[in-house]
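Notes follow the structure.
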Amino acid sequence: MNFVHNRILQTLDTFNRIHPVASEEKAAYDAARQRFLEMEALYRLILARLDGLEEEWLQIRDQLIQDMEQR
């Protein structure tokens, strides 16, 4: 996921270096840039939610193993 997020950031950087945009391409440029901004925000949100999940899972898994061993 970090790889995809980094690619989106690179693409947004590329958008920022494309100037000037021809008037007949401005609407398409703006729409595509907006979609990449939305994707970046979504990936940022997902990555923030996943942060710490692995540690939490390992704790839960260890507890399950301990519970099974006690039976």
Original post:
To the nearest 0.5 Å, how far apart are CG in Asp62 and CG in Leu58?
Top reply: 6.5 Å
Original post:
Would you say Leu37 and Ile18 are hydrophobically clustered, going by side-chain heavy atoms of ILVMFWY under 4.5 Å?
Top reply: yes
**OP:** Spell out, yes or no, whether Leu53 and Tyr43 are grouped together once hydrophobic residues are joined by side-chain heavy atoms under 4.5 Å, including indirect joins.
**Re:** yes
Original post:
Is any side-chain heavy atom of Leu9 less than 4.5 Å from a side-chain heavy atom of Asn6?
Top reply: yes
**OP:** For the residue pair Thr14 and Arg17, establish whether any side-chain heavy-atom pair is separated by less than 4.5 Å.
**Re:** yes
Original post:
Within a strict 4.5 Å, meaning less than it, do heavy atoms of the Thr11 and Met39 side chains meet?
Top reply: no
**OP:** Just say parallel, tilted or perpendicular for the rings of Phe36 and Phe15, cut-offs at 30° and 60°.
**Re:** tilted
Original post:
How long is the span from the NZ atom in Lys26 to the CZ atom in Arg33, to the nearest 0.5 Å?
Top reply: 8.5 Å
**OP:** Answer yes if Ile8 and Met1 sit in the same cluster of Ile, Leu, Val, Met, Phe, Trp and Tyr residues linked by side chain heavy atoms under 4.5 Å apart, and no otherwise.
**Re:** yes
**OP:** Can you sort out the partners of Glu25 under salt bridge (charged side-chain N to carboxylate O under 4.0 Å, His left out), two or more places apart, ordered by chain and number?
**Re:** none
Original post:
With distance as the sole criterion, is a donor-acceptor pair present between the side chains of Gln34 and Glu38 under 3.5 Å?
Top reply: yes
Original post:
So do His19 and Tyr29 actually touch side chain to side chain, heavy atoms under 4.5 Å?
Top reply: yes
Subject >> salt bridge (charged side-chain N to carboxylate O under 4.0 Å, His left out) evaluation trace for Asp67 with Arg71 >> reply: CA-CA 7 Å; Asp67 291 348; Arg71 292 183 182 184; over 6 Å; no
Subject >> From CD (Glu40) to NE2 (His5), nearest 0.5 Å >> reply: 3.5 Å
Subject >> Hphob cluster co-occupancy, Trp57 + Leu50, side-chain heavy atoms under 4.5 angstrom >> reply: no
**OP:** Mark yes when over 12 heavy atoms from residues, nucleotides or ligands other than Glu56 sit less than 6.0 Å from its CD; otherwise mark no.
**Re:** no
Subject >> Whether over 12 other heavy atoms sit under 6.0 Å from Glu54 CD >> reply: no
